[in-house]
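Data first, discussion second: the structure below is written as structure tokens.
Throughout, a chain's letter reflects where its sequence line sits, starting with A, and its residues are numbered from 1. Just so we're clear, the structure is a prediction, and the values are computed from it rather than from any experiment.
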Number of protein chains: 2
Amino acid sequence: MGKHSSGLAGPASAPEDTAARSGAKKVAGWDVPPVESLRAPRGFDLAAFDRASTPGWSQGRKQAERLLDAHADELSDLQERLFAEGRSGGNRSVLLVLQGMDTSGKGGIVRHVIGLVDPQGVQHTSFGVPTAEEREHDYLWRIRRALPDPGYLGVFDRSHYEDVLVVRVDELVPPEVWEARYDEINAFEQELVASGTTIVKVALFVSLDEQKARLRERLERPEKHWKYNPGDIDARKKWPAYQEAYQAVIDRTNTEVAPWHVVPADSKWFSRLAVSELVLDALRRLDLGWPPADFDVATELRRLESA
Amino acid sequence: MGKHSSGLAGPASAPEDTAARSGAKKVAGWDVPPVESLRAPRGFDLAAFDRASTPGWSQGRKQAERLLDAHADELSDLQERLFAEGRSGGNRSVLLVLQGMDTSGKGGIVRHVIGLVDPQGVQHTSFGVPTAEEREHDYLWRIRRALPDPGYLGVFDRSHYEDVLVVRVDELVPPEVWEARYDEINAFEQELVASGTTIVKVALFVSLDEQKARLRERLERPEKHWKYNPGDIDARKKWPAYQEAYQAVIDRTNTEVAPWHVVPADSKWFSRLAVSELVLDALRRLDLGWPPADFDVATELRRLESA
């Protein structure tokens, strides 16, 4: 773990008192620990949120990319410990929930951050328009089925939050139905946390201009056409309604047990580094050891030598 | 794709005629294309198989590791094309089936080879002792449920072949039941291939000595204890019966549509490179392009500019 105090430390003027006040430890490279700088504060105002900013980080892109690379070994090591624990009777897991408008970079985060760990330990689910079977059930049914097993790092690309986002914006259910869901979701997440799952909720916010540039790129490059969907423009036209729905999500589901992190997404290098830090922090806080042997080592060594 | 003809080309004496005879193309770094050198030949004799050999490869470990690294970009690119095709209505997929005794390196292959591609495009399943629910069904039931969706790279860590391996060795069903399964498996795989799945079957063969060394390492290193299972020694004691069962698998399920590749597994660096080549070859043979737009690009560009 020596890399945490390596040459990537922040400037001397880093406001360590912020970290001290909140109880979060100084994190190499960051002026303010990312769990602090990215956590949605009480009274978070999405309309005023700068989507090109890099909260807590004053260095540039190269340093961010280097730091993300440097996280690979520790991420891998902690994920393996979590997996080992799950295989040895432990019940803990980590669930990364990624929310964000089209082009906010959810897929890139999975590829570049989650791609750093052993795919055997990852359970990834992408939630699209519900299937006929899914529509026959409660909205949390498909979510429950996709929850990470003990020892796994679960990743949700979109999630149950779609049921208070697109569902609210497009009025797919009556207001009293989606209105009730915020509390239902909080209760659901509390239950999840109580059963051993650490939930890392990340809302990625891209600006209207940057989204336009990214959609244009999908249209101008034939190898990106498959990522483009004319419906993306329809959602874009409802931008204010979506922002309002996201504001409500943060206002009403930013709980102590499952807080929201709000990540500016105009710089992909920043949002990727940011999410890697949030996942790392969640894994570190589990204080993962290696499971003790549930067999007698000396006996097994003897058995092995004569086998 | 320039890397395929890069500085890693084999010695001048490479038997290109072998490749020419079989129709397989020369592969950079290899004396004989790995799809040729690793494909189980007619009359394959497992007892005579050298598990420390590196068929088709005369260079060393460093070169192999460098070549595996160099495959990352192409593997990623082809996997994304496959995924894009699947998202655009295509029905093709690739399924890597990994079989091998304990410590033969299946997990390391998933981590180091499959870990090179986007986890969003991978569907990985590890098949252990069947659960109560699985035992209520036919042995292929759990296999069918885990088959890759269109566009995905499926990975089976163990597979339906366990139902003619451990099941045969431990006499978990009467002989006439497992006897019938070879033909059933061939029919099943033929059906799979006909429905668009390319099956890459890999049997990893580790030597008795190397297995002992690897099990000893698991016992001597506390961070590896979780990987050790006293049952591993029991299976080791039945080594000849397992070898016989593996020989029968190769003899009876080495079909044209889903041939076996036999990979010596005493050198992890070799088996990892070997499997990367086999997966790459399968992807290359799909001749994957990028799906054409199913919308009018000019119209969408106009819609975007005014949205």
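Between chain B and the residues A:A293, A:S76, A:P230, the most heavy-atom pairs under 4.5 angstrom are made by A:P230. Across B:S88, B:G289, B:P119, B:G115, the residue that shares the most heavy-atom pairs under 4.5 angstrom with chain A is B:P119. In terms of non-hydrogen atom pairs under 4.5 Å with chain A, the most contact-rich of B:E300, B:E220, B:H124 is B:E300.
Using a 4.5 Å cut-off on side-chain heavy atoms (C-beta onward), B:P291 and A:H225 make no contact. Using a 4.5 Å cut-off on side-chain heavy atoms (C-beta onward), A:W226 and B:E85 make no contact. Using a 4.5 Å heavy-atom threshold, the side chains of A:R87 and B:K227 count as separate. Side-chain contact between B:L304 and A:R236 is present, with heavy atoms from C-beta onward closer than 4.5 Å. Looking only at side-chain heavy atoms (C-beta outward), B:D294 and A:Y228 stay at 4.5 Å or farther from each other. A heavy-atom distance below 4.5 Å is not found between the side chains of A:W290 and B:P222.
In this structure, the portion of A:D157 lying under 4.5 Å from any heavy atom of chain B is its side chain and not its backbone. With a threshold of 4.5 angstrom between heavy atoms, B:R303 approaches chain A through its backbone and through its side chain. At a 4.5 Å heavy-atom cutoff, B:S126 makes no contact with chain A through either its backbone or its side chain. Using a 4.5 Å cut-off between heavy atoms, B:K212 contacts chain A through both its backbone and its side chain.
More than 12 heavy atoms of other residues, nucleotides or ligands sit less than 6.0 Å from atom CD of A:E305.
The closest donor-acceptor contact from the side chain of B:R111 to the backbone of A:D118 lies at 3.5 Å or more, if one exists at all. A distance-only check finds no donor-acceptor pair linking the side chain of B:Q120 to the backbone of A:V110 [under 3.5 Å].
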Exercise. Run the salt bridge (charged side-chain N to carboxylate O under 4.0 Å, His left out) check on A:R81 and B:E223 step by step: do they pass?
Worked result: CA-CA 9 Å; A:R81 287 167 189 253; B:E223 77 274 22; over 6 Å; no
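Taken to the nearest 0.5 Å, the OG1 atom of B:T299 stands 11.0 Å off from the CD1 atom of A:I233.
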